[in-house]
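So the structure is just underneath, and the comments pick up after that.
Quick note: numbers below take in every heavy atom, side chains included, and nothing from hydrogens, waters or symmetry partners.
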Amino acid sequence: MSKITLSGYIEVPAEDLEAICLELPNHIALTEQEAGCLLFTITRDPVNPNRFDVYEEFTDKAAFEQHQARVKTSHWGLVTKNVERFYNITKSS
């Protein structure tokens, strides 16, 4: 099985920033509880408050895809619908 890593950042519109900051701790907690989640971090950029750096590691493609499916139907998915995402996804052994 190949580990899946996602790295990059999101750009949050100013009008969505408060809702995203309020929901972020819940999103992190739910993701960390998912089967196959090895590492999950989202950190706010110290210079640009509308940018959040994202790093995720999942045991395999299936775990990563389950995470993506959950996110789409979650409150996080709703509050981040206007976010611009800049991600790189890689597989490694």
pair Val79-Asp16: side-chain heavy atoms closer than 4.5 Å: no
Minimal heavy-atom distance between Glu32 and Phe40, with the atoms involved, is OE2-O, 3.8 Å
Hey, what do you get for CD (Glu65) to CG (Asp60), rounding to the nearest 0.5 Å? 9.0 Å
Kindly give the heavy-atom pair with the smallest separation between Pro13 and Asn82, and that separation in Å. CG-O, 3.4 Å
Can you tell me how far NZ of Lys3 sits from CZ of Phe64, rounded to the nearest 0.5 angstrom? 13.5 Å
Restricting to non-hydrogen atoms, name the atom on Glu23 and the atom on Trp76 that form the minimum distance, rounded to 0.1 Å. CG-CE3, 3.8 Å
Closest non-hydrogen contact found for Gly36 with Ala63 is CA-CB, 3.8 Å
Starting at NZ of Lys61, measure out to CD of Gln66 and round the result to the nearest 0.5 Å. 13.0 Å
Kindly compute the distance separating CD1 (Ile20) from CZ (Arg44), expressed to the nearest 0.5 Å. 10.0 Å
Please answer: with hydrophobic residues joined when any side-chain heavy atoms are less than 4.5 Å apart, are Leu6 and Leu39 in the same cluster? no
Are Tyr55 and Val71 connected in a single hydrophobic cluster, I mean Ile/Leu/Val/Met/Phe/Trp/Tyr linked by side-chain heavy atoms less than 4.5 Å apart? no
Decide yes or no on side chain to side chain contact (heavy atoms under 4.5 Å, CB included) for Thr80 and Arg85, but give the supporting numbers first. CA-CA 10 Å; Thr80 61; Arg85 291 166 171 83; 2.8 Å; yes
Going from CD1 on Ile42 to CD on Glu56, what distance comes out if it is rounded to the nearest 0.5 angstrom? 7.0 Å
Does Glu18, at its CD atom, have more than 12 non-hydrogen atoms belonging to other residues, nucleotides or ligands within less than 6.0 Å? no
Step by step, work out the side chain to side chain contact (heavy atoms under 4.5 Å, CB included) result for Asn26 and His75. CA-CA 9 Å; Asn26 185 50; His75 187 62; 5.6 Å; no
Separation between CD1 of Ile10 and CZ of Phe52, rounded to the nearest 0.5 Å: 6.5 Å
Leu30 reachable from Leu24 in the ILVMFWY side-chain graph, under 4.5 Å edges: no
Pair Glu11, Tyr9: side-chain N/O donor-acceptor within cut-off below 3.5 Å: no
Would Val54 and Leu17 show up in the same hydrophobic cluster when neighbours are defined by side-chain heavy atoms closer than 4.5 Å? yes
In terms of hydrophobic clusters joined by side-chain contacts under 4.5 Å, are Tyr87 and Ile4 together? yes
